[in-house]
Amino acid sequence: MSKGIISKDEDYSQWFNDLVIKADLAEHSAVRGCMVIKPYGYSIWEKMQAVLDQMFKDTGHSNAYFPLFIPKSFFSKEASHVDGFAKECAVVTHYRLKNDGNGNIIVDEDAKLEEELIVRPTSETIIWNTYKGWIQSYRDLPLLINQWANVVRWEMRTRLFLRTTEFLWQEGHTAHATAEEAIAETEQMLHVYADFAENWLALPVIKGRKTANERFAGALDTYCIEALMQDGKALQAGTSHFLGQNFAKAFDVKFTSKEGKLDHVWATSWGVSTRLMGALVMAHSDDSGLVLPPKLAPIQVVIVPIFRSDEELAQISAVVDGLSKALKAKNIRVKYDNRDTQRPGFKFAEYELKGIPLRVAIGGRDLANGTAELARRDTKTKETVQQEGLVDHIEQLLEEIQKNIFQKALTFRNENTREANTYDEFKKMLDDTPGFISAHWDGTPETEQRIKEETKATIRCIPLDNKLEDGACILSGKPSTQRVLFARAY
RNA sequence: CGGGAUGUAGCGUAGCCCGGUAUCGCGCCAGCAUGGGGUGCUGGAGGUCGGAAGUUCGAAUCUUCUCAUCCCGACCA
């Protein structure tokens, strides 16, 4: 176990907290519920952004930027939307401070805003208000826009990366001529998210749809990807919403079709946030620290020299120099840590804590033998290999580590996905063997609500690839045609 | 917003019951040794004890008020 990190078996949530802080991803700020994302954590987020951004562009989307502030009146235009967010909005009421004469800075009551401004909890309203001016004809459609932004949701209780008052995310907002097109877009983006989660984060996810209860405020249908964390709790890793014509109607966005008919446009919105950082940490890491999938690791290979003298360091550096160049030529992100202020053992522990996938150690012995020591972060295994052919070997290993991390998470999820056929069985599983529970449900919000109240488990999703199967609801006993996925969730 | 707890150096803590100017560890700085898994020794720097008021010759310690944070619940895409 690493210094200062509690074992994840002892206290999972404390382990997560320790890890985020010790691995230097983020820290609590002076502002309640808001975190400072530190350079190392931010560099991982930047990699996520870069990959996702390219995926969005490859599917035809463009980036734009809309205001942080939204006039309060915009929120009242879509009834269910305001219901969903009203209780967690930060509101700007004044635009000036003044000195009260006693050396205190106070709000200048003379500077009250005519209309309060809401700090965006999400941008549908300001964006749809804007789209009204952009869309007149079917020729203007589809409109495919994404925004990278910060949003604020005044949550009662926060946790680093998983639920912070302010967080970073991207939100896509698209407009289409037909419902079919909008649904196709919603599904497409869900697949983009799933692809990203599985192939980059090495995080296996279940693609599915939310029940009416769990749907986004203002959506007709909410799709999601759900992941399982190592403590058996589920985490919603991304959502994609089919908004129907709700926002177009609320903001009066109409277009003239090819046939000359006037109609409201069809909308989608979709987003992932810095919560993915939390998912990344919770899904793969261990008591020694982070375990980063190579594709997202800011540093993929770290080289640590082991030396007794400046002369020896110079000799090692000469070898490392060639190795570094060859790795960089293959676009492998490599760092040579030749600090003489820290000892090798310290560096080993530090890079394990930070989740660097591969460590190469080269010392005097290796110079003599033409070898290097390779240590994998994911398996914590070490091997001594010839320097010759090392670059290719490292390249292969990185791919293997990426696969292995995914496979491990997938195996974990499979082992912790169970079927329950009675309510007693269901409750026992929740307490004894947390994870996804596949069970029959009668399809009513009342049943879902009661299960939630009694067990804290929610329906995470109705999986897209669900097979139809006759059964009886675990609570009501009423007939059901398919199983849905339950879990306690973050 | 209800229930519980905690605020002492950058971090983690002892001291508080029973008042006398703050303990230890990590980290930090310097030197020497060391160097294939968080190195050892020696020396050093660093504290308005969350804040305010009160009791007292004297308050980290007792009293009152206040602020903040954390945990449980409620709340929550």
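Here is the naming used below: chain letters follow the sequence lines, and residue numbers restart at 1 for every chain.
- One C1' atom belongs to B:G47, the other to B:C28, and the distance between them is 15 Å to the nearest Å.
- Rounded to an integer number of Å, the gap from A:Phe85 CZ to B:C76 C1' is 10 Å.
- Rounded to whole Å, the C1' atom of B:C75 lies 40 Å from the corresponding atom of B:C62.
- Across B:U48 and B:C41, the matching C1' atoms stand 35 Å from one another, rounded to whole Å.
- A cation-pi arrangement, defined by a distance under 6.0 Å to the six-membered ring centre and an angle within 45 degrees of its axis, is absent between A:Arg377 and A:Tyr351.
- For the pair A:Leu398/A:Val301, a side-chain contact is recorded, criterion being any heavy-atom separation below 4.5 Å from C-beta on.
- Across the C1' atoms, B:U21 and B:G25 are found 23 Å apart, a figure rounded to whole Å.
- The pair A:Lys22-A:Asp18 does not meet the salt-bridge criterion, since no charged nitrogen lies less than 4.0 angstrom from a carboxylate oxygen.
- Contact between the side-chain N/O atoms of A:Arg343 and the OP1/OP2 oxygens of B:G36 is found at a separation under 4.0 Å.
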Could you walk me through whether A:Arg339 and A:Glu350 pass the salt bridge (Lys or Arg N to Asp or Glu O under 4.0 Å) test, one step at a time? CA-CA 13 Å; A:Arg339 286 180 296 176; A:Glu350 186 180 23; 3.0 Å; yes
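- As a whole-Å value, the separation of A:Asp18 CG from B:G12 P is 11 Å.
- Remark: A:Lys77 qualifies as a cation-pi partner of A:Phe74 under the 6.0 Å distance and 45° angle criteria applied to the six-membered ring.
- Taking atom P in both B:U42 and B:A9, one finds a spacing of 26 Å when rounded to whole Å.
- Distance, A:Ile21 CD1 to B:G10 C1': 14 Å, rounded to whole Å.
- A salt bridge between A:Asp378 and A:Arg376 is present, with a side-chain N of the basic residue lying under 4.0 Å from a carboxylate O of the acidic one.
- On the P atoms, B:G46 is 45 Å away from B:G73, given to the nearest whole Å.
- Rounded to whole Å, the P atom of B:A74 lies 29 Å from the corresponding atom of B:G12.
- Side-chain atoms of A:Lys347 stay outside donor-acceptor range of the base of B:G36, with no qualifying N/O pair under 3.5 Å.
- B:G7 sits 13 Å from B:U13 when the C1' atoms are compared, rounded to a whole Å.
- Between the side chains of A:Glu311 and A:Gln315, no donor-acceptor pair is found at a separation under 3.5 Å.
- For the pairing with A:Met229, the side-chain contact (heavy atoms from CB on, under 4.5 Å) check across A:Val281, A:Asn416, A:Leu203 returns one residue only, A:Leu203.
- Contact of A:Gln342 with B:G38 (side chain to base): no donor-acceptor pair of N or O atoms is detected under 3.5 Å.
- A:Gln147 and A:Ser123 form a side-chain donor-acceptor contact under 3.5 Å, judged by distance and modelled atom types alone.
- Atoms NZ (A:Lys87) and P (B:A74) sit 14 Å apart, rounded to a whole Å.
- In this entry the distance linking CG of A:Asp24 with P of B:G10 reads 18 Å, nearest Å.
- Across residues 362-374 of chain A, A:Gly363, A:Gly364, A:Arg365, A:Asp366, A:Glu373 each have a non-hydrogen atom less than 4.0 Å from an atom of RNA chain B (numbered order).
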Grab the N/O contacts between the protein and nucleotides 3-6 of chain B below 3.5 Å, and write none if there aren't any.
none

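- Both A:Lys456 and A:Gly345 lie close to RNA chain B; mapped to their nearest nucleotides by heavy-atom distance, the more 5′-ward contact belongs to A:Gly345.
- The pair A:Glu187-A:Lys207 does not count as a salt bridge, with every side-chain nitrogen at least 4.0 angstrom from each carboxylate oxygen.
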